[in-house]
Peer 1: 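What follows is a single structure, and I will ask about it in a moment.
Because only heavy atoms are used, hydrogens play no part in the values below, and waters and symmetry mates are left out as well, while side chains stay in.
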Amino acid sequence: MSGHLQPIKLDSYKPLRELVCENIRQAIIDGTFSPGERLMEIQLADEMGVSRTPVREAIRKLELEGFVVMIPRRGTYVADISIKDITEIYEVRTCLDVLAAGLAAERITDEELDTMNGYLHEIGQHVANMDMNKIVEVDTAFHDVLYNASRNERLRSIINNLREQLTGIRGRSMSYPGRLVETMDEHRNLVDAIASRDVERAQHAARVHIENAEHTLLRSIAEPKKKAK
């Protein structure tokens with residue numbers, strides 16, 4: 001196991017198992033731990049300065065979220081997401097985002113619309129500077145407003161769980177040639193539809209956006225393989 005985790009600070013209001021889970025999850029997302037790498041409970045606990053119990057609890061949660069795979073008698077490994085995984089996640093995500101957009105068109109507040117428009121402007125600035133980290137960060141915040149506007153906590157929780165499973169590779173889609181411009185247009189269409197309280201148009205805009213994101217991600221994965229042949 002090649003990565004090194006930051007020690008856990010015990011001055012947080014969050015339960016220890018949550019802090020441990022967040023720490024390991026972030027290490028997987030940012031590439032500190034590579035796909036297929038084995039995670040050892042003892043070493044993880046030592047690096048974070050905690051006992052094995054919260055590490056074990058965190059690993060169970062990360063398995064449910066799809067970040068790790070537990071293999072009987074072999075141990076725990078960082079999940080290596082497959083094309084099948086991506087397709088399944090996006091099949092579910094498309095349905096949920098369409099639902100969220102429709103609900104948001106009925107329930108969003110003027111303040112939330114202003115926030116979404118502000119994020120669109122901010123994303124545009126980061127696109128001009130090609131700051132991918134900021135683009136992904138603000139894009140996530142943009143969608144968070146949309147999901148909150150659905151006023152459905154269970155829906156928001158499920159979508160966030162699915163989205164987290166793709167966090168480590170989302171940048172590959174957004175950095176694909178031409179994708180950022182398309183994303184900006186799709187975001188604008190989505191906000192305009194929600195602002196007009198047009199449920200069907202908002203649902204269509206959400207479907208187009210998620211399906212295009214999936215297709216671009218799959219192209220970005222497939223093309224390096226074609227070049228290698």
Peer 1: Is there a side-chain contact between Val68 and Phe33 (heavy atoms, below 4.5 Å)?
Peer 2: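 Val68 does not reach Phe33 side chain to side chain.
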Peer 1: Is the shortest heavy-atom distance from the side chain of Glu41 to the side chain of Thr76 under 4.5 Å?
Peer 2: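 No - every pair of side-chain heavy atoms lies 4.5 Å or more apart.
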Peer 1: Parallel, tilted or perpendicular: which fits the ring planes of His143 and His209, with parallel below 30° and perpendicular above 60°?
Peer 2: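 The arrangement is parallel - the two ring planes meet at less than 30°.
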Peer 1: State the CG-CE distance between Leu217 and Met174, to the nearest 0.5 angstrom.
Peer 2: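 Separation between the atoms: 11.5 Å.
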Peer 1: How long is the gap from NE2 on His121 to CE on Met184, to the nearest 0.5 Å?
Peer 2: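 Answer for the NE2-CE pair, His121 versus Met184, is 9.5 Å.
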Peer 1: Salt bridge (Lys or Arg N to Asp or Glu O under 4.0 Å) with Arg60: which residues, sequence neighbours excluded?
Peer 2: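 Once residues adjacent in sequence are excluded, Arg60 has no partner under the salt bridge (Lys or Arg N to Asp or Glu O under 4.0 Å) criterion.
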Peer 1: Taking the side chain as everything from C-beta on, heavy atoms only, tell me whether Asp144 gets closer than 4.5 Å to Asn160.
Peer 2: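 SC-SC contact between Asp144 and Asn160 confirmed.
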Peer 1: Begin from the C-alpha positions of Leu180 and Ile123 and carry the test side chain to side chain contact (heavy atoms under 4.5 Å, CB included) through to its verdict.
Peer 2: CA-CA 10 Å; Leu180 285 175; Ile123 291 172; over 6 Å; no
Peer 1: Using the test side-chain contact (heavy atoms from CB on, under 4.5 Å), find all partners of Glu211 that sit at least two apart in sequence or belong to another chain.
Peer 2: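 Glu211 satisfies side-chain contact (heavy atoms from CB on, under 4.5 Å) with Thr94, Arg207, His215 only.
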Peer 1: What pairs with Asp46 under side chain to side chain donor-acceptor pair (under 3.5 Å), at least two apart in sequence or on another chain?
Peer 2: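 Partners of Asp46 under the side chain to side chain donor-acceptor pair (under 3.5 Å) test: none.
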Peer 1: Taking C-beta and beyond as the side chain, do Arg156 and Asn148 meet within less than 4.5 Å on heavy atoms?
Peer 2: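 They are in side-chain contact.
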Peer 1: Ile194 vs Leu146, test: side chain to side chain contact (heavy atoms under 4.5 Å, CB included). Steps then yes/no.
Peer 2: CA-CA 9 Å; Ile194 292 173; Leu146 169 66; 3.5 Å; yes
Peer 1: Please determine whether residues Val145 and Ile158 belong to a single hydrophobic cluster, defined as Ile, Leu, Val, Met, Phe, Trp and Tyr linked transitively by side-chain heavy-atom distances below 4.5 Å.
Peer 2: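 In one cluster with Val145: Ile158, yes.
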Peer 1: Among residues at least two apart in sequence or on other chains, which ones pass salt bridge (Lys or Arg N to Asp or Glu O under 4.0 Å) with Glu112?
Peer 2: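 Here the qualifying residues are Arg151.
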Peer 1: Dump the intermediate steps for side chain to side chain contact (heavy atoms under 4.5 Å, CB included) on Val78 and Leu39, then the final yes or no.
Peer 2: CA-CA 7 Å; Val78 177; Leu39 301 179; 4.0 Å; yes
Peer 1: For a side chain to side chain contact (heavy atoms under 4.5 Å, CB included) check, start with the C-alpha distance between Glu88 and Val92, then their side-chain angles and the critical distance, and finish with the verdict.
Peer 2: CA-CA 7 Å; Glu88 288 182 351; Val92 178; 6.0 Å; no
Peer 1: Would a single hydrophobic cluster contain both Val136 and Val127, if residues Ile, Leu, Val, Met, Phe, Trp and Tyr are joined by side-chain heavy-atom contacts under 4.5 Å?
Peer 2: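 Shared cluster, yes.
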Peer 1: Please check if atom CD1 in Ile42 has more than 12 non-hydrogen atoms from other residues, nucleotides or ligands closer than 6.0 Å.
Peer 2: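 Open: at most 12 neighbouring heavy atoms sit under 6.0 Å from CD1 of Ile42.
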Peer 1: Please identify each residue that fulfils salt bridge (Lys or Arg N to Asp or Glu O under 4.0 Å) with Arg179, with sequence neighbours left out.
Peer 2: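 Partners of Arg179 under the salt bridge (Lys or Arg N to Asp or Glu O under 4.0 Å) test: Glu182, Glu186.
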Peer 1: Could you go through residues 96-107 and list every donor-acceptor pair under 3.5 Å that involves a side-chain atom there, pairing it with any protein atom two or more places apart or in another chain?
Peer 2:
residue : atom : partner : partner atom : Å
Asp97   : OD1  : Arg93   : NE           : 2.8
Asp97   : OD1  : Tyr147  : OH           : 3.4
Asp97   : OD2  : Tyr147  : OH           : 2.8
Arg107  : NH1  : Ser150  : O            : 2.7

Peer 1: Please name all residues satisfying side chain to side chain donor-acceptor pair (under 3.5 Å) with Asp114, sequence neighbours left out, ordered by chain then number.
Peer 2: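 None.
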Peer 1: Just by distance, no angles: are the side chains of Asn117 and Arg188 close enough, under 3.5 Å, to form a donor-acceptor pair?
Peer 2: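 A pair is found: one side chain offers a donor N or O, the other an acceptor, under 3.5 Å apart.
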Peer 1: Has Asn152 got a side-chain atom pairing as donor or acceptor with Arg154's backbone, closer than 3.5 angstrom?
Peer 2: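 Yes; judged by distance alone, with no hydrogens or angles, the pair exists.
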Peer 1: So if you build clusters from Ile, Leu, Val, Met, Phe, Trp, Tyr with side-chain heavy-atom gaps below 4.5 Å, do Ile8 and Leu62 land together?
Peer 2: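 Cluster IDs for Ile8 and Leu62 match.
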Peer 1: Taking Glu57 first and then Lys61, would you say they form a salt bridge - that is, a charged N and a carboxylate O separated by under 4.0 Å?
Peer 2: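 A salt bridge is absent here (no side-chain N lies under 4.0 Å from a carboxylate O).
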Peer 1: Throw together a table of side-chain donor-acceptor distances under 3.5 angstrom for residues 198-206, partners on residues two or more places apart or in other chains.
Peer 2:
residue : atom : partner : partner atom : Å
Asp198  : OD1  : Glu200  : N            : 3.4
Asp198  : OD1  : Arg201  : N            : 3.0
Arg201  : NH2  : Ser196  : OG           : 3.0

Peer 1: Supply the atom-to-atom distance Met116 CE to Phe142 CZ, rounded to the nearest 0.5 angstrom.
Peer 2: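 Result: 3.5 Å between the selected atoms.
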Peer 1: Mind checking what makes side chain to side chain donor-acceptor pair (under 3.5 Å) contact with Glu111, not counting sequence neighbours?
Peer 2: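 Side chain to side chain donor-acceptor pair (under 3.5 Å) list for Glu111, sorted by chain: empty.
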Peer 1: Between Leu44 and Ile59, which heavy-atom pair has the shortest distance, and what is it?
Peer 2: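 So the two residues come closest at CD1-CD1, 4.2 Å.
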Peer 1: Using the rule that Ile, Leu, Val, Met, Phe, Trp and Tyr join whenever any side-chain heavy atoms are under 4.5 Å apart, tell me whether Leu162 and Val69 fall into a single cluster.
Peer 2: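 Hydrophobic grouping puts Leu162 apart from Val69.
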Peer 1: Any chain of hydrophobic side-chain contacts (each under 4.5 Å) joining Leu190 to Val181?
Peer 2: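 No, Leu190 does not connect to Val181 through the hydrophobic network.
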Peer 1: Identify all side-chain donor-acceptor contacts of residues 15-25 below 3.5 Å with residues at least two apart in sequence or on another chain.
Peer 2:
residue : atom : partner : partner atom : Å
Glu22   : OE1  : Lys14   : NZ           : 3.3
Glu22   : OE2  : Lys14   : NZ           : 2.7
Asn23   : ND2  : Gln6    : O            : 2.8
Arg25   : NE   : Glu65   : OE1          : 3.0
Arg25   : NH2  : Glu65   : OE1          : 3.1
Arg25   : NH2  : Glu65   : OE2          : 2.9

Peer 1: For Tyr77 and Gly36, which heavy atoms make the closest approach, and how far apart are they?
Peer 2: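 So the two residues come closest at CD2-O, 3.3 Å.
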Peer 1: Evaluate the side-chain proximity of Arg197 to Ile108: yes if any heavy-atom separation is below 4.5 Å, no if none is.
Peer 2: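 Yes - at least one pair of side-chain heavy atoms lies under 4.5 Å apart.
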Peer 1: Tell me every residue that passes salt bridge (Lys or Arg N to Asp or Glu O under 4.0 Å) with Asp85, counting only those two or more places apart in sequence or in another chain.
Peer 2: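 For Asp85 there are no salt bridge (Lys or Arg N to Asp or Glu O under 4.0 Å) partners, ignoring immediate neighbours.
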Peer 1: Once salt bridge (Lys or Arg N to Asp or Glu O under 4.0 Å) is applied, what residue pairs with a partner in residues 66-77 remain, sequence neighbours excluded?
Peer 2: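 Listed once each, the pairs would be none.
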